[in-house]
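Have a look at the structure below, then the notes.
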Amino acid sequence: MKDILSYESDIWSCADLLIATGIKQSDFPKYMMPFFALIMLEGRMRNEIADIIETEGLNREDNLDEFVEAFKDRECGYNEYIVKDGKTLSDICNNDKTFEDDFRNYLSGFDGALKELLGIERGTDDSKYLNLDGIIAELRKKGVLLMYVTKWSQIDLSTYNNSEITTLEEHIKRKWADISAETAGEQYTPEDIIALIAEIVSAKINISHDDYVHLYDPTCGGANLLFGVADRLNDIGYKYIAANGSEWNDALFALAKIESLFREDAEIKYGNTLTTLPFKGKEFDVVVANPPYGIPWKGYEKEIRNDQTGQFAFFPSVSDGQLLFLQHNAWMLHEDSGIVIEVNNGSSLFSGDAGSGESNIRKYLFDNDWVEAIIQMPSDEFFNTGIVTYLWILNKNKQIERKDKVILINASDLWQPLKKNKGSKRKEMNPEHRKLIVDTLVRFENNDIAKVFDKWHFYFNKQQIQLTEIDSNGRYVSQSLGCAGEVFKIKDADIIAVKSSGVWEWPLNNKEEWKNQEEMVSMRKITGDTIVCTADYFYWEDKEHNVVLRSSVVSGVHELLGCGYISATYSSTKKGSKTCTVKISDYTYKDTEVISFDPDSKQNSKDILTFMNRYIFKPYCLLDNTVGVEVNFNKEFYVPETVEPVDSILAEIAEIDKELINFDKELGL
């Protein structure tokens, strides 16, 4: 019997017929998925038939009704044409004259549930799932239906077991994902990452091999991650895996659902996980997920924000929903145990400033002490993107010595090149790489690829401050005028005249008295857009240097008050009386400082003041403080570049100078 994966090329050769009809390569999956489902179903049904004959001693010839009943008892779907009549797609394609009728009978032989998944005889039902009826109509119109079905019918999977067929299915779905993913957020999880996740699960869960492991994937797609982890846990020795998944994409849900029919304790549900909660009320030992990242959730924003379940403590930006899934997954764990392993891109670690939804979600997870580890994966690990990804590991039942601790594991250099690239995937982790990661996680100690931190290390204060601008001598007007940073106001009764924007006003006194002041201003060479005359002083603003000065009416001595500005406003009553208000104010502006955080509130306040007094050289006032959380692998694992010694650089320069001199001599210069 040949290797199951040798059928991979046979399956893709079916797509050759699609090229000739003008169908775009990116549309191949929707034409191939329904027929792959057909041959997968047929192969597995024939496997079940063979098993009934061998283990139960039943066959069609002796007792057809009992044979059919035994098959239906297995609850793996039913097709009368295959089970009762013993016919296959290959039989149908042998006679081109009866092909259309036979093929119609073959499809109508499926039970109602499979018809719905395959998209057969939908009638008024809007659900399409695999949309087989629609694809058949398109192929018939293009004149290639018989040839296309014949190609598929030549692929016989009936001699392979479920695990082998699942392996083939994973490879085919991976290629589909490679050519059809519309965004970088839709990622098919590669086998080496699935293996790593399964090995981490095995090392972390405290469940006997004889007990059930309840496994959940909220964005299961075609269920390659969900069933891949389940199969590997079986291989490790866990006998009972209850695999549960939900999916919103019609075609991928149908494939996953069909796959689940041939697995014990597997359940796939349809729906938007975050809004319909297909598994609401259940708790799981293990949650694995590779949710879409960089994908907006605006289309169901209202439902998310109105959620009453408590699964969301905060909401990220509507442009990316991956942190919604991280909260949902933590919510679905057993209250006192359980582990989440979720694949994210880098934005979940650091996007959003303190106080943003993203930062608050991270803070929520860290506050609850659920974050046990974050692992950086190599770049170029996925099939249609080269981005770096990270595994978030959440644990609701940390060992006592790991309380309030987080380990960062930098596995970015743990890879080997693929012999042949698979789309954007150029790298893979071998068993030794994976073992090093798992061992590092289990030991929870610093080593060459890992660092253990207090969780508070990732918190920071975003301290808002108000700064007062100062002149070159460190002065500002409220300081000179003794008003402790408040606006200095000149009383209405003290104002004789004001020149504002080139226009003179005399708010309270007669014009003759004002003219005397104007002569004094001109004589003393006082210039400025705004000049305020009082009984004691002339105040004016030097806008070029952003400072305010004043001159004594009696002595004429100029005095620099420091940085600031003058503003004057006028108003009048209905009776004609005028009011003038003059303010002399500091130049102030708001800024923020990022300051390390201490969980002790008194010490934190003290640290903020120490920082301000050490690094801020202008008068300041503390405003609001917001605590944020972010994780920066580049900073934590930064390795300075080796700089060549100065002596070596100078010697190299001297050598170049010699060469230039010799070159000039050769040219006779």
F28 and I19: CA distance, side-chain angles, deciding distance, side-chain contact (heavy atoms from CB on, under 4.5 Å) verdict: CA-CA 9 Å; F28 282 2; I19 297 173; 3.5 Å; yes

Kindly compute the distance separating [atom1] ([X]) from [atom2] ([Y]), expressed to the nearest 0.5 Å.
X	Y	atom1	atom2	answer
I155	E8	CD1	CD	11.0 Å
N94	L89	CG	CG	11.0 Å
I375	L391	CD1	CG	5.0 Å
L132	F110	CG	CZ	8.5 Å
H328	L323	NE2	CG	14.0 Å
L252	E247	CG	CD	5.5 Å

Give the intermediate values and the outcome of side-chain contact (heavy atoms from CB on, under 4.5 Å) for residues I92 and F99. CA-CA 6 Å; I92 292 169; F99 167 74; 3.6 Å; yes

Sub-4.5 Å side-chain heavy-atom contact between [X] and [Y]:
X	Y	result
P291	N344	yes
E121	S108	yes
L394	W392	yes
M332	P218	no
F284	I339	no
L114	I258	yes
E267	S260	no
T166	E259	yes

Please table the atom pairs, donor to acceptor, closer than 3.5 Å between any side-chain atom in residues 134-141 and protein atoms at least two apart or in another chain.
| from | atom 1 | to | atom 2 | distance (Å) |
| --- | --- | --- | --- | --- |
| R140 | NE | E100 | OE2 | 3.2 |
| R140 | NH2 | E100 | OE1 | 3.0 |

Under 3.5 Å side-chain donor-acceptor pair for [X] and [Y]:
X	Y	answer
E283	H214	no
S379	K427	yes
T276	N272	no
N345	T389	no
Q154	Y7	no
Y212	D265	yes
D320	S347	yes
E630	S351	no

With a 3.5 Å distance limit and no angle check, can you tell me whether [X] reaches the backbone of [Y] through a side-chain donor-acceptor pair?
X	Y	result
N59	F67	no
D111	Y78	yes
R46	T159	no
S9	S6	yes
N306	K302	yes
N244	A242	yes

Decide salt bridge (Lys or Arg N to Asp or Glu O under 4.0 Å) for K72 and E48; before the verdict, give the C-alpha distance in whole Å, the side-chain angles of both, and the deciding distance to 0.1 Å. CA-CA 10 Å; K72 288 182 177 180; E48 296 294 333; over 6 Å; no

E358 with R362: basic N within carboxylate O range, under 4.0 Å: no

Do the charged groups of K151 and D16 touch, with an N to O distance under 4.0 Å?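 Judged by the 4.0 Å cut-off on N to carboxylate O distance, K151 and D16 do not form a salt bridge.
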
Assert yes or no for the condition that the ring centre distance of Y148 to F35 is strictly below 6.0 Å. yes

Hey, do the aromatic rings of Y270 and Y129 have their centres closer than 6.0 Å? yes

Would you name the heavy atoms of [X] and [Y] that are closest together and state the gap between them?
X	Y	result
Y300	L274	CE1-CD1, 4.3 Å
V340	A330	CG2-N, 4.1 Å
L324	F312	O-CE2, 3.5 Å
I49	I82	CD1-O, 3.9 Å
V631	F350	O-CD2, 3.9 Å
Y160	K2	OH-O, 2.6 Å

Please name all residues satisfying side-chain hydrogen bond (donor to acceptor under 3.5 Å, both in side chains) with Q416, sequence neighbours left out, ordered by chain then number.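 Here the qualifying residues are E428, N430.
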
Tell me, yes or no, whether the heavy-atom count around [X] atom [atom1], taken from other residues, nucleotides or ligands under 6.0 Å, exceeds 12.
X	atom1	value
Y240	OH	no
K142	NZ	yes
E61	CD	yes
K84	NZ	no

Audit row: F227, C220, side-chain contact (heavy atoms from CB on, under 4.5 Å) steps and yes/no: CA-CA 9 Å; F227 293 144; C220 71; over 6 Å; no

Identify the residue among I165, T88, L157 that makes a side chain to side chain contact (heavy atoms under 4.5 Å, CB included) with I39.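 Checked I165, T88, L157 against I39; only one passes side chain to side chain contact (heavy atoms under 4.5 Å, CB included): L157.
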
Would K269 pass as a cation-pi partner of F279, given that its NZ or CZ must be under 6.0 Å from the six-membered ring centre and within 45 degrees of the axis? yes

I would like to know whether L326 and Q322 meet side-chain contact (heavy atoms from CB on, under 4.5 Å); could you show each step before the answer? CA-CA 7 Å; L326 200 56; Q322 64 183 318; over 6 Å; no

Run D51 and R74 through salt bridge (Lys or Arg N to Asp or Glu O under 4.0 Å) and show every step you take. CA-CA 11 Å; D51 191 63; R74 300 202 170 198; 2.7 Å; yes

Restricting to pairs with a member in residues 215-235, which pass salt bridge (charged side-chain N to carboxylate O under 4.0 Å, His left out), not counting sequence neighbours?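 Only D231-R263 qualify under salt bridge (charged side-chain N to carboxylate O under 4.0 Å, His left out).
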
